[in-house]
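Throughout, numbering of the chain's residues begins at 1 and tracks the sequence.
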Amino acid sequence: AETPERGLAAIAEACGVSRSTLHRGFVEAIALSPGAYRAALRARRLREALETAPRVIDASEDAGFASPSTAFAVAREGLGVTPGTLHRGGRGLSLRWATGASTLGDLVVGWSGQGLCLVEFLEPGEAAEARLRARFPAARIEAAGQEEQGLVDQVLAVIEHPAAGAGLPLDLQGTAFQQRVWAALRTLVPGERLSYTELAERIGRPGAQRAVARACGENPVAVIVPCHRVVGADGALRGYRWGLERKEALLRRESAEPGSVED
């Protein structure tokens with residue numbers, strides 16, 4: 001049977017280059033190794049199959065997996081959730097949400113029984129619940145009660161005083177690569193900044209700065225996972241999902257906070 005390594009060698013031979021040259025060119029072009037790209041394609045095929053197949057076992061066969069157990073492993077590694085959860089569109093999950101007003105704008109906070117799964121700034125007049133529905137279309141979603149307002153207050157406190165973020169429980173859904181990026185971001189202290197290139201090196205994926213930038217852009221919990229602390233190689237501010245003005249304001253207040261690396 002053909003393994004991924006033998007497949008790569010055959011492609012390199014057909015292109016008239018060495019395997020190492022092909023690998024290096026692949027990484028430079030799309031910021032992913034051939035193996036990671038192949039895994040992403042398999043995960044995407046599985047996701048698409050799970051949207052239409054009547055059963056998980058049918059989806060795994062349609063996506064070309066030899067067994068449901070292999071599909072399960074790929075989904076866990078490549079998509080961050082089980083095939084069953086994907087197949088149900090979040091059905092079976094119970095999520096709650098609430099809104100809060102910060103000095104940087106209104107936001108929605110969503111959480112499962114395990115922790116925060118969404119923190120996003122809202123556009124004026126935007127329906128808060130729609131943000132959760134977009135990510136978990138089949139989940140059971142309901143407004144939070146007064147007893148859960150304390151978690152929203154903690155999130156608001158982080159925005160005003162970044163050092164207050166330690167210890168907040170998180171329940172993040174993402175690919176294995178995204179999880180690595182988000183985990184690395186949580187090691188940054190207020191006032192600390194690094195470039196996308198440096199972040200890629202920190203997670204052991206030098207050259208994957210484009211993929212790192214995409215993972216930052218897909219961060220589901222604003223400020224708590226501090227993707228705003230990543231800047232360009234020249235120190236200039238780059239794109240931020242919730243606006244460069246907010247990014248600049250967050251960095252400015254972090255630099256002024258006692259105990260920051262720039263204090």
Below 4.0 angstrom, N of the basic side chain to O of the carboxylate: do E129 and R133 qualify?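 A salt bridge links E129 with R133.
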
Determine whether the side chains of H228 and E248 contain a donor N or O and an acceptor N or O closer than 3.5 Å.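 Result is no, nothing qualifies.
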
Determine whether [X] and [Y] make a side-chain contact, defined as any pair of heavy atoms from C-beta on separated by less than 4.5 Å.
X	Y	answer
L237	L251	yes
L250	Y240	yes
V155	L116	yes
L95	R140	no
L170	W111	no
E160	S102	yes

Donor-acceptor check, side chain of [X] to backbone of [Y], threshold 3.5 angstrom: yes or no?
X	Y	value
R229	L188	yes
Q178	L172	no
R202	E198	no
R193	V231	no
K247	V230	yes

Distance-minimising heavy-atom pair for [X] and [Y]:
X	Y	value
C117	V221	C-CG1, 4.0 Å
L168	Q154	CD2-OE1, 3.3 Å
L122	L107	CD1-C, 3.9 Å
R241	N219	NH1-O, 2.6 Å

Does F177 have R205 sitting over its ring (NZ/CZ under 6.0 Å from centre, angle to axis within 45°)?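 Not satisfied by the 6.0 Å and 45° rule.
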
As a quick check of understanding, evaluate salt bridge (Lys or Arg N to Asp or Glu O under 4.0 Å) for R19 and E13, giving each step before the final call. CA-CA 8 Å; R19 180 187 174 282; E13 183 178 356; over 6 Å; no

Scan P220, C216, C227 and name whichever one has a side chain to side chain contact (heavy atoms under 4.5 Å, CB included) with W182.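 That would be P220; it is the only one of P220, C216, C227 passing the side chain to side chain contact (heavy atoms under 4.5 Å, CB included) with W182.
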
State the [atom1]-[atom2] distance between [X] and [Y], to the nearest 0.5 angstrom.
X	Y	atom1	atom2	value
L156	T99	CG	OG1	9.5 Å
R246	F121	CZ	CZ	5.0 Å
R131	L118	CZ	CG	7.5 Å
W97	L132	CH2	CG	9.0 Å
L199	Q209	CG	CD	10.5 Å
R96	I141	CZ	CD1	12.5 Å

Test log, rule side-chain hydrogen bond (donor to acceptor under 3.5 Å, both in side chains), inputs T197 and S195: CA-CA 5 Å; T197 298; S195 69; 4.5 Å; no

Under the criterion side-chain hydrogen bond (donor to acceptor under 3.5 Å, both in side chains), I'd like the reasoning laid out for R253 against T103: C-alpha separation, chi angles, the key distance, then a yes or no. CA-CA 12 Å; R253 67 179 53 172; T103 55; 3.3 Å; yes

Stepwise salt bridge (Lys or Arg N to Asp or Glu O under 4.0 Å) check, R214 with E218: CA-CA 6 Å; R214 287 194 295 271; E218 292 162 357; 5.8 Å; no

Other residues, nucleotides and ligands only: do more than 12 of their heavy atoms fall within 6.0 Å of CD on E142?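 Counting neighbours around CD of E142, more than 12 heavy atoms of other residues, nucleotides or ligands fall under 6.0 Å, so yes.
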
